[in-house]
Protein chains: 2
Amino acid sequence: MTAHRAPEGYDPHAFEPFAVTVDLAVLTIREESLRVLLVERAREPYAGSWALPGGFVLPRESAETAARRELAEETGLSGTTVAGLHLEQLRTYTEPDRDPRMRVVSVAFTALVPDPPEPRGGGDAAQARWIPYGTHAPLAFDHDRILADAHERVGAKLEYTCLATAFCPPEFTLGELRQVYETVWGVELDRPNFRRKVLATPGFVRAVEGPPRLTGGRGKPAALYRAGGATALHPPLLRPEGRSS
Amino acid sequence: MTAHRAPEGYDPHAFEPFAVTVDLAVLTIREESLRVLLVERAREPYAGSWALPGGFVLPRESAETAARRELAEETGLSGTTVAGLHLEQLRTYTEPDRDPRMRVVSVAFTALVPDPPEPRGGGDAAQARWIPYGTHAPLAFDHDRILADAHERVGAKLEYTCLATAFCPPEFTLGELRQVYETVWGVELDRPNFRRKVLATPGFVRAVEGPPRLTGGRGKPAALYRAGGATALHPPLLRPEGRSS
DNA sequence: TCCTTAAGAGTCATGTTGACTATAAAGGGT
DNA sequence: ACCCTTTATAGTCAACATGACTCTTAAGGA
């Protein structure tokens, strides 16, 4: 091995430093479509382009803390609400020229948000919006790649974890849960089979006692469920055609 | 949003910078046990402790390039050999105090090596060795956590990808492939069932034409196989009890 | 009132898996 | 040589899971 850690006399200011940022792929489901929170850049580079929200990791913050702080700022959700959201490290993007100004290493996160609030713009972003996945022009920096990786990861995790409930409000119907799968995977699932599978998986969902009904529009009222305690799905709920990872 | 990217007049040297390193969890299978490449630290902090190999990301390198360079240096394998090994980003560790000297963000990788060569020591490492997983004293920094995450990830990926062949030499028997699963998962698998599953998965392995036999010790000679082109396993090969991710 | 939509109960054939049995082909020991 | 142990490989069988459907119930809308 060469220099495993900073040598004893290492001077942090001696060479061109790395900047460390977080980028967030914030996903939600609204009106039958998978949407991602994007901001329009107000300044160069990529002024006028859309990008994933994100920002610098502060000197005494972990990347996850920074991500949660940015998430609260971008979505306008309260800190306590954001604390309950699903936030997961995706991967880190380190290509030397990914930012034309300087060396920036970005730790990307995926966040899943139920029931999306209207985002606030502000800062050096012209505006922030929930854009249907795949309908936007190419994003700034390498954000198309990050977003594609996030979509791929979420799609794969739906197969073998109970992650889908993270897209749903505290109480939801099996129809809403099924829509999560259909929207992320871009397929249609057989209702009775989906229902059988979910209910047969211990800990995936828990029936809500109260009035066993709810109206979302037409059709027979559906029973309400809450997320169960389980995190893994054994056996998994595989995509119809499907690849993974 | 606050400051999405470095403002125009941003001075890279203005504040305490982050250092960016890579850490490698290099795994192999030798003598029926899962082993990890560890180095003994020659200097403070954690002098005398064992740690994962790793080092700085150079100014014009991506993290993956740095990881592959370190991997070649640590294992003594040639650059062309290392180019063929499975190397995958695990996650990034960013706790502010993970290194007592300065702010270090570390991008961790998992590497899978068949047929482990003897490592070379050198640099500021006292020595480097293949240590059976779980038998070592607590590692330096947060490397126990990184190593546990790597083990968990590899175990999970064996379920739904063809990753197991990355632990095997170019030609291997189904017994060797089964040992990969048994060693990483710490379970025993039923031979006929394992065989049936692997052979029934298109593209997992390809039979080698030549002399359909090989001697590893006692028992009937086994046919040889090579890795097939597939990367995903559908349906997956689930762990006996098992959780995932 | 009829039609449409969605929930939810059930059926049936097929595919996969776990548990086992049996046979073949080596090596080691006596 | 012979027997025993070890490992590969071929099958069998029942339990389980899944995909494709059918049918009934309970809304809302025209």
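Every chain is numbered from 1 and lettered A, B, ... according to where its sequence line falls, protein lines coming before strand lines.
- Ring geometry for A:His136 against A:Tyr133 counts as perpendicular: the plane angle is over 60°, on a 0 to 90° scale with 30° as the lower cut.
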| Could you run down nucleotides 9-18 of chain C 5' to 3' and tag each one B, S or - for protein heavy-atom contact under 4.0 Å? | BBB-----BB
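- Atom-to-atom, CG of A:Leu189 to P of D:dC21 comes out at 15 Å; the value is rounded to the nearest Å.
- With A:Trp130 contributing its side chain and A:Thr28 its backbone, the two residues share no donor-acceptor pair below 3.5 Å.
- Judged by distance alone, with hydrogens and angles left aside, the side-chain atoms of B:Arg91 form no donor-acceptor pair with the main-chain N or O of B:Val107 at under 3.5 Å.
- A salt bridge links B:Arg145 with B:Asp149: the distance from a Lys NZ or Arg NE/NH1/NH2 to an Asp or Glu carboxylate oxygen falls below 4.0 Å.
- The salt bridge (charged side-chain N to carboxylate O under 4.0 Å, His left out) pairs that include a residue from residues 185-200 of chain B number zero, where partners must be two or more places apart or lie in different chains.
- Checking side-chain atoms of A:His86 against main-chain N and O of A:Ala111 turns up no donor-acceptor pair under 3.5 Å.
- For residues 24-36 of chain A, the set of pairs meeting the salt bridge (charged side-chain N to carboxylate O under 4.0 Å, His left out) definition, not counting sequence neighbours, comprises A:Arg30-A:Glu118, A:Glu31-A:Arg35.
- Partners of B:Glu95 under the side-chain contact (heavy atoms from CB on, under 4.5 Å) rule, at least two apart in sequence or in another chain, are A:Ser62, B:Arg98.
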Which atoms of nucleotides 4-7 of chain D (N or O only) lie under 3.5 Å from a protein N or O atom, and what are those distances?
unit_1 : atom_1 : unit_2   : atom_2 : d
D:dT7  : O2     : B:Lys220 : N      : 3.2

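- Here the shortest heavy-atom pairing between A:Thr165 and A:Phe204 reads CG2-CE2, 3.9 Å.
- Atom C1' of nucleotide D:dA20 and atom CZ of A:Phe194 are separated by 17 Å, given to the nearest angstrom.
- Within the 3.5 Å criterion, the main-chain N or O of A:Leu189 finds a donor-acceptor partner in the side chain of A:Glu182.
- One can place CD of A:Glu188 at 13 Å from C1' of C:dA6, the figure rounded to the nearest angstrom.
- Each end of the helix from C:dT1-D:dA30 to C:dT30-D:dA1 gets its own axis from five base pairs, and the two axes differ in direction by 10°, given to 10 degrees.
- The distance from atom CG of A:Leu224 to atom P of C:dA7 is 12 Å, rounded to the nearest whole Å.
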